[in-house]
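Working notes, structure below.
So you know, we letter chains A, B, ... as the sequences are listed, proteins then strands, and number each from 1.
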Amino acid sequence: MTDPTNTEIAAALDQLGDLYELDGAVIHRIVAYRNGAKAAREASTSVSQLAREGRATELPGIGSTLQEKILALAETGEIPALEKLRAKFPPGLVEMTKLPGLGPKRARRLYEELQIDSLASLRAAAQEERIRALSGFGAKAEEQLLAALDAYEASGPQTRTVLNKALAVGEELLQAIREHPATVRAEFAGSARRMAESVKDLDIVATASDPAALARAAVELAQVEAASNPGENAVRLRTHAGLNVDLRIVEPDQFGNVLQHLTGSKEHNVALRDFAVRRGLHISEYGVLDDATGITHRCPTEQEVYALLGMAYIEPELRENRGELEAALEGKLPELITLADLKGDLHAHTTASDGTASIEEMALAAKGFGYEYLAITDHSASMGFGADVSDDQLRRQIELVRRADVEIDGIKLLAGSEVNIFPDGLLDYPDELLAELDWVVASVHTSFRMNAKEMTERVIAAIEHPYVDCIGHLTGRKIEQRRAYELDFEAVAAAAARTGTMLEINANPDRRDLNELHARAASAAGVQIVINTDAHRVGGFAVARYGVATARRAWLTPGQIANTRPWAEFAPLRCRVRHESGS
DNA sequence: GCCGTTTTCGGCCCGACTGTTTTCAGTCG
């Protein structure tokens with residue numbers, strides 16, 4: 001049988017955690033399963049394989065017991081403890097705990113005392129006012145359960161907003177808050193500050209000369225559709241797009257504590273506080289309490305919070321409990337790449353395929369964005385976007401790019417293509433035509449539903465092609481829309497490292513593909529990474545920030561990103577150069 | 001269930017909010 005993927009292992013461990021929680025296990029055991037699930041989900045190699053070798057325990061949070069369970073899943077397809085718990089609790093019971101306000105303890109009482117085992121039976125019981133008979137429940141609880149059921153059935157489990165959509169309105173709102181006369185300082189916190197792929201809501205932390213006045217004024221801003229009653233130092237806003245924004249206004253001497261607390265992530269904060277406790281310190285949003293002195297240190301800046309723990313400042317993008325605390329202690333945090341480090345873009349479209357601007361317009365836009373070089377990479381013939389670029393049209397396009405390169409000063413233009421990888425691994429243009437190009441991105445755009453083995457062979461065939469410089473948006477995922485297709489990432493990264501083929505971080509905020517975990521693992525495996533915007537219009541280069549954000553969340557430095565180099569240094573990195581020179 | 005420059009056993013983050021309570025358990029972020 002085929003080994004379970006890391007995602008499947010993580011799901012099984014998460015389920016075990018949920019079911020043990022219903023079963024009333026001590027919280028630390030439940031947390032251990034959830035930590036194990038996180039470790040499996042984020043591992044850069046096959047966890048089943050590690051378990052077979054007895055090395056899964058090297059992952060933080062996986063000990064011998066979890067390794068045994070993973071091994072059982074790999075060898076028999078099931079985990080006995082999980083099957084036993086599934087038999088004990090109906091699946092509807094787990095679903096009930098997804099309702100806000102209903103946790104495992106209360107759900108289990110509803111099941112045992114009223115035989116409620118599904119959303120439907122829960123609704124019936126609440127409507128018939130049978131729940132209020134239980135001690136600890138009242139009429140209010142029934143009311144809230146019915147409201148939660150309505151909300152859940154109307155829109156399903158909570159949806160998240162892709163980061164650029166949240167920032168589009170959020171940055172306007174932040175700017176408006178900053179411009180208010182009472183505001184001294186205002187910053188994003190939360191997952192938006194960490195530049196996560198998507199957000200549940202936005203958090204803004206501010207200091208103000210008159211907090212209550214700022215809270216009242218925020219309610220009246222043009223971006224705000226509705227709001228809670230503004231308090232003395234907090235208000236919840238809802239934008240016209242339905243995004244919730246929490247504004248917290250704090251004392252300046254606690255700004256660092258609150259910003260750190262609300263920036264999270266939860267996992268980072270839990271690990272940070274755990275670390276602090278071992279040193280006699282207690283971190284909260286109000287300060288850092290020192291057991292030895294009884295003094296609570298209030299921190300105007302986050303730097304002071306981390307300094308009190310003897311750590312270097314940790315950039316928000318790294319705060320995911322992926323080793324940043326240990327690195328900060330040892331002074332081994334990476335010098336992360338910034339937007340200003342990018343020198344060129346190697347994936348952009350024009351009207352020759354599905355872009356909206358000419359070669360010249362895109363060149364000038366890229367130059368205006370500060371780039372020194374740009375590859376024009378329209379879709380190959382089989383793509384079917386607008387005007388197909390046939391072989392002859394590509395030859396003509398090459399001429400046009402070369403001419404524009406001569407005519408436009410201050411930016412190097414490369415004649416390229418985004419070539420389709422067919423299901424059999426072959427490319428859309430003949431080799432002799434590909435050989436004429438300066439740069440070739442190969443991408444999968446069709447037949448996503450192949451199995452992992454076939455898809456891996458398909459992509460590796462392209463990686464091994466002598467004229468392919470780079471693989472575009474490797475996994476095909478669209479954030480909150482479309483899952484990544486099945487692929488053996490380790491094998492792909494190994495092939496890319498072996499051949500010198502680059503892997504792209506596609507900066508389109510709906511893609512961010514490679515994702516941060518893949519990008520980190522690929523770079524560690526020796527793969528050269530490029531950050532490309534895949535721009536389809538002159539404004540398209542602006543999304544580079546999201547590609548940079550993914551690279552930062554992948555711990556990457558400028559040296560690990562090929563297109564931080566000027567063209568003279570980048571050009572020899574292309575694997576085709578080595579192919580052509582016969583090495 | 002995991003883990004160890006105080007531990008192989010005994011710890012394991014912090015606080016707010018809510019409804020149902022007469023001091024707190026459960027839930028959430």
Side-chain angles (χ1 to χ4, degrees), chain A residues 13-14 16-40 56-70 79 81-82 96-110 131-145 147-148 158 189-191 194 199-203 228 231 233-234 236 244 246 248 254 257-258 260-289 291-292 296 305 309-310 319 321 325-326 329-330:
Chain A
L13 295 179
D14 269 330
L16 270 166
D18 287 347
L19 289 166
Y20 274 129
E21 192 170 29
L22 274 174
D23 205 29
V26 290
I27 186 66
H28 305 109
R29 190 163 163 220
I30 296 151
V31 168
Y33 277 96
R34 299 205 167 127
N35 288 341
K38 179 179 191 284
T57 53
E58 291 171 16
L59 297 170
I62 294 186
S64 53
T65 304
L66 263 59
Q67 172 163 273
E68 264 177 46
K69 290 187 159 65
I70 294 165
I79 302 172
L82 182 54
M96 280 161 56
T97 65
K98 307 295 178 207
L99 292 174
L102 188 57
K105 295 269 173 33
R106 280 152 48 99
R108 183 165 178 193
R109 287 197 54 214
L110 292 172
I131 293 175
R132 65 184 63 181
L134 268 51
S135 72
F137 290 84
K140 195 108 185 188
E142 287 175 344
E143 201 177 295
Q144 288 175 344
L145 281 170
Q158 280 229 348
S191 45
R194 302 198 313 276
V199 305
K200 186 165 66 66
D201 52 25
L202 292 176
D203 296 288
S228 66
N233 44 33
R236 163 165 275 213
N244 286 323
D246 285 325
R248 276 281 295 272
Q254 287 178 311
N257 300 108
V258 177
Q260 194 287 319
H261 172 77
L262 289 178
T263 296
S265 65
K266 183 183 194 308
E267 290 79 9
H268 173 86
N269 283 353
V270 167
L272 187 72
R273 290 182 195 137
D274 179 57
F275 172 84
V277 164
R278 294 163 200 270
R279 279 150 190 80
L281 299 168
H282 302 271
I283 301 175
S284 79
E285 62 183 299
Y286 302 108
V288 180
L289 169 63
D291 280 341
T296 296
V305 177
L309 299 169
R319 300 183 197 169
N321 195 28
L325 298 180
E326 295 78 1
L329 268 178
E330 296 167 10

Per atom distances to the A/Pro100 side chain, the nearest of B/dC13, B/dC28, B/dG1 is B/dC28

Any base atoms under 4.0 Å from A/Ala141, or only sugar-phosphate, or nothing? Heavy atoms, all strands. sugar-phosphate

A/Glu143 CD to B/dG19 C1', in whole Å, measures 12 Å

What is the distance, to the nearest angstrom, from the CD1 atom on A/Ile30 to the C1' atom on B/dG1? 11 Å

Side chain of A/Tyr33 - closest among B/dG29, B/dA16, B/dG1: B/dG1

Closest to the A/Ser284 side chain, choosing from B/dT27, B/dG1, B/dC14: B/dC14

Are any of A/Ser64's side-chain N or O atoms less than 4.0 Å away from OP1 or OP2 of B/dG1? no

Answer yes or no: does a side-chain N or O of A/Tyr286 lie under 4.0 Å from OP1 or OP2 of B/dC13? no

Determine the interatomic distance between P on B/dG29 and the same-named atom on B/dT23; round to the nearest Å. 29 Å

Under 4.0 Å between a side-chain N or O of A/His282 and OP1 or OP2 of B/dC13? no

Using a cut-off of 4.0 Å on non-hydrogen atoms, how would the nucleic acid contact of A/Val277 be classed: base, sugar-phosphate, or nothing? sugar-phosphate

Side-chain contact check for A/Lys266: nearest option of B/dT27, B/dG1, B/dG29 is B/dG29

Mind checking the C1' distance from B/dA25 to B/dT20? Whole angstroms is fine. 10 Å

Check: A/Ile62 main-chain N/O paired with A/Thr57 side-chain donor or acceptor under 3.5 Å: no

Nucleotide of B/dT18, B/dT20, B/dG29 approaching A/Lys140 most closely (side-chain heavy atoms): B/dT20

Sugar-phosphate, base or nothing in reach of A/Leu102, heavy atoms under 4.0 Å: sugar-phosphate

Test A/Ile283 against A/Leu309 for side-chain contact (heavy atoms from CB on, under 4.5 Å), laying out the working first. CA-CA 10 Å; A/Ile283 301 175; A/Leu309 299 169; 3.4 Å; yes

Which residue lies toward the 5' end of DNA chain B, A/Asn269 or A/Arg278, if each is placed at its nearest nucleotide? A/Arg278

In short, A/Gly310 meets A/Leu329 closest at the heavy-atom pair O-CD2, 3.8 Å

Could you tell me the separation between the CZ atom of A/Arg273 and the P atom of B/dG29, rounded to a whole number of Å? 15 Å

A/Glu330 atom CD is separated from B/dT5 atom C1', nearest whole Å, by 13 Å

Rounded to whole angstrom, note down the C1' distance from B/dC13 over to B/dT8. 24 Å

Nucleotide B/dC17, atom P - distance to CZ of A/Arg236 in whole Å: 13 Å

Does a side chain donor of either A/Arg248 or A/His261 reach within less than 3.5 Å of an acceptor in the other side chain? no

Under 4.0 Å, heavy atoms only, any strand: does A/Leu262 hit a base, just the sugar-phosphate, or nothing? nothing

Does the distance from a Lys or Arg side-chain N to an Asp or Glu carboxylate O, for A/Arg34 and A/Glu21, drop under 4.0 Å? yes

May I have the distance from A/Tyr20 (atom OH) to B/dC2 (atom P), rounded to whole angstrom? 11 Å

Rounded off to whole Å, could you give me the CZ-to-C1' distance for the A/Arg109 and B/dA25 pair? 11 Å

Please determine if A/Arg236 and A/Asp201 form a salt bridge, counting it only when a charged side-chain N lies under 4.0 Å from a carboxylate O. yes

NZ/NE/NH1/NH2 to OD/OE distance under 4.0 Å, A/Asp18 and A/Lys98: yes

Starting at the 5' end of DNA chain B and moving along, which residue's nearest nucleotide shows up first, A/Leu281 or A/Glu142? A/Leu281

Can you tell me if A/Gln144 touches the phosphate of B/dG19, counting only side-chain N or O atoms and a distance under 4.0 Å to OP1 or OP2? yes

Side-chain (A/Gln254) to main-chain (A/Tyr286) donor-acceptor, under 3.5 angstrom: yes

Need one value for A/Ile283: base, sugar-phosphate or nothing, where a base atom within 4.0 Å counts as base even if backbone is also close, heavy atoms only. sugar-phosphate

B/dT7: syn or anti, with syn meaning chi within 90° of zero? syn

Quick note, A/Lys200 side chain, CB onward, closest among B/dA16, B/dC12, B/dG29 is B/dG29

Any base atoms under 4.0 Å from A/Leu134, or only sugar-phosphate, or nothing? Heavy atoms, all strands. nothing

Using the P atom as the reference point in each nucleotide, state the distance between B/dT7 and B/dC12 in Å, no decimals. 16 Å

Base-pairing assignment for B/dT8 (Watson-Crick or G-U wobble, both under 3.5 Å): none

With rounding to the closest Å, how many angstrom separate the C1' atoms on B/dG26 and B/dT21? 13 Å

Please measure how far the P atom in B/dC2 lies from the corresponding atom in B/dT6, and state the result in whole Å. 23 Å

Please state how far atom CZ in A/Arg108 lies from atom C1' in B/dT27, giving the value in whole angstrom units. 18 Å

Can you tell me, in whole Å, how much space there is between the C1' of B/dG1 and that of B/dT5? 24 Å

